[in-house]
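What you are looking at is a predicted structure, and each value in this text was computed from that prediction instead of being measured.
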Amino acid sequence: MATKTEEGAEAGTEAQGDETAVEAATGKEEAAQAKTLEEGFGRTDAAEEESPERESTEKESTEEGSGEQEPAREKAPSGVGQGAGAVVSAALGLVSLSGGWIGTVAGAREQLIGQLRTSSTASVATQIKAVYGNAWHSTALWAGLFALAALLTGVVVLARPALGAPGRAQAPWIRSVAWAGVSLGVIGLLLAVLKYSDALLALPSTG
């Protein structure tokens, strides 16, 4: 009988030990799970705290990038105005070689004025000067004005990159047309001076 009692007591002790071990293991698992949850909440809070800083940093970088791009767009001219100026310079240079329609009309007007103001009894030299000489000088004057306008316009177009956007290269065709306008302007101005001073195609002598 005593042996059976002792065996039952030992069995009960062993059962209680197993239950205690199971409870201890369960407690450890619950503690580990609680610790994992706390760490997860801590990481979430840290991420939430860092996210506004990241958003503000991204906004600042975006604003800085947009601020840098806007001036670059403003400093990039299309070149349409320079091309138009070069074409105008070349056209004025061509007109200066002949005086243009305005020069022709001005010469015809001076010729008519000379005929009206010169009497028939005036000398031949006076009549030639009043009728033809003044008209010739008027045509040369208008040709010189067109040549000067072509020269100035071409110079402005060629100097525009240095004045407005030094780092931007000018299109080759714009420079070529502008140089053509400058060249024609110089030639037209030289011819106008020679015609107005009677060094080129002077009036015939009556002596």
Side-chain angles (χ1 to χ4, degrees), residues 57-118 127-204:
T57 305
E58 291 176 356
K59 288 181 180 179
E60 290 178 357
S61 61
T62 305
E63 290 177 356
E64 290 177 357
S66 61
E68 292 177 356
Q69 291 177 358
E70 289 178 357
R73 292 178 181 177
E74 293 177 357
K75 292 182 180 180
S78 59
V80 175
Q82 299 179 24
V87 173
V88 169
S89 175
L92 290 174
L94 290 174
V95 172
S96 68
L97 298 179
S98 61
W101 176 77
I102 297 178
T104 303
V105 173
R109 182 176 179 275
E110 290 294 331
Q111 185 177 4
L112 179 60
I113 292 174
Q115 292 176 354
L116 294 175
R117 292 183 178 180
T118 305
Q127 292 181 5
I128 291 175
K129 183 179 179 181
V131 175
Y132 298 103
N134 293 339
W136 180 248
H137 292 166
S138 180
T139 303
L141 179 62
W142 280 101
L145 292 176
F146 280 114
L148 184 60
L151 180 61
L152 294 177
T153 305
V155 170
V156 170
V157 172
L158 292 174
R160 181 66 179 84
L163 298 176
R168 183 177 176 83
Q170 196 174 45
W173 72 270
I174 295 178
R175 296 183 62 86
S176 300
V177 177
W179 275 114
V182 171
S183 302
L184 291 173
V186 171
I187 296 173
L189 188 61
L190 179 61
L191 292 176
V193 171
L194 293 176
K195 289 187 292 184
Y196 194 85
S197 62
D198 291 334
L200 180 65
L201 300 176
L203 295 177

Work out which heavy atom in Val182 is nearest to a heavy atom in Val155; give both atom names and the distance. CG2-N, 3.8 Å
Nearest heavy atoms of Gly107 and Ala135, plus distance in Å: O-CB, 3.0 Å
Interatomic spacing from OG in Ser138 to OH in Tyr196 - rounded to 0.5 Å: 9.0 Å
Could you tell me whether the side chain of Ile113 reaches within less than 4.5 Å of the side chain of Asn134, counting heavy atoms only? no
Yes or no on side-chain contact (heavy atoms from CB on, under 4.5 Å) for Leu94 and Leu184, after CA distance, side-chain angles and deciding distance? CA-CA 6 Å; Leu94 290 174; Leu184 291 173; 3.7 Å; yes
Considering only heavy atoms from C-beta outward, does the side chain of Arg175 approach that of Val157 to under 4.5 Å? no
Counting N and O atoms only, with roles assigned by atom type, does the side chain of Ser89 sit under 3.5 Å from a partner on the main chain of Gly85, one being a donor and the other an acceptor? no
Return the CD to OH distance between Gln115 and Tyr132, rounded to the nearest 0.5 Å. 7.0 Å
Quick one: CZ on Arg109 to OG1 on Thr104, what's the gap to the nearest 0.5 Å? 15.0 Å
Just how far is it from atom CG of Leu189 to atom CG of Leu145, taken to the nearest 0.5 Å? 9.5 Å
Please report the closest heavy-atom contact between His137 and Lys195, naming both atoms and the distance. CD2-O, 3.9 Å
Phe146 versus Leu97: any side-chain heavy-atom pair under 4.5 Å? no
When every non-hydrogen atom of Ala150 is compared with those of Gly185, the smallest separation belongs to CB-CA, 4.2 Å
Passes side-chain contact (heavy atoms from CB on, under 4.5 Å), Val131 versus Glu110? Steps please. CA-CA 7 Å; Val131 175; Glu110 290 294 331; over 6 Å; no
Taking every heavy atom of Ala143 against every heavy atom of Ala192, the minimum-distance pair comes out as C-CB, 4.2 Å
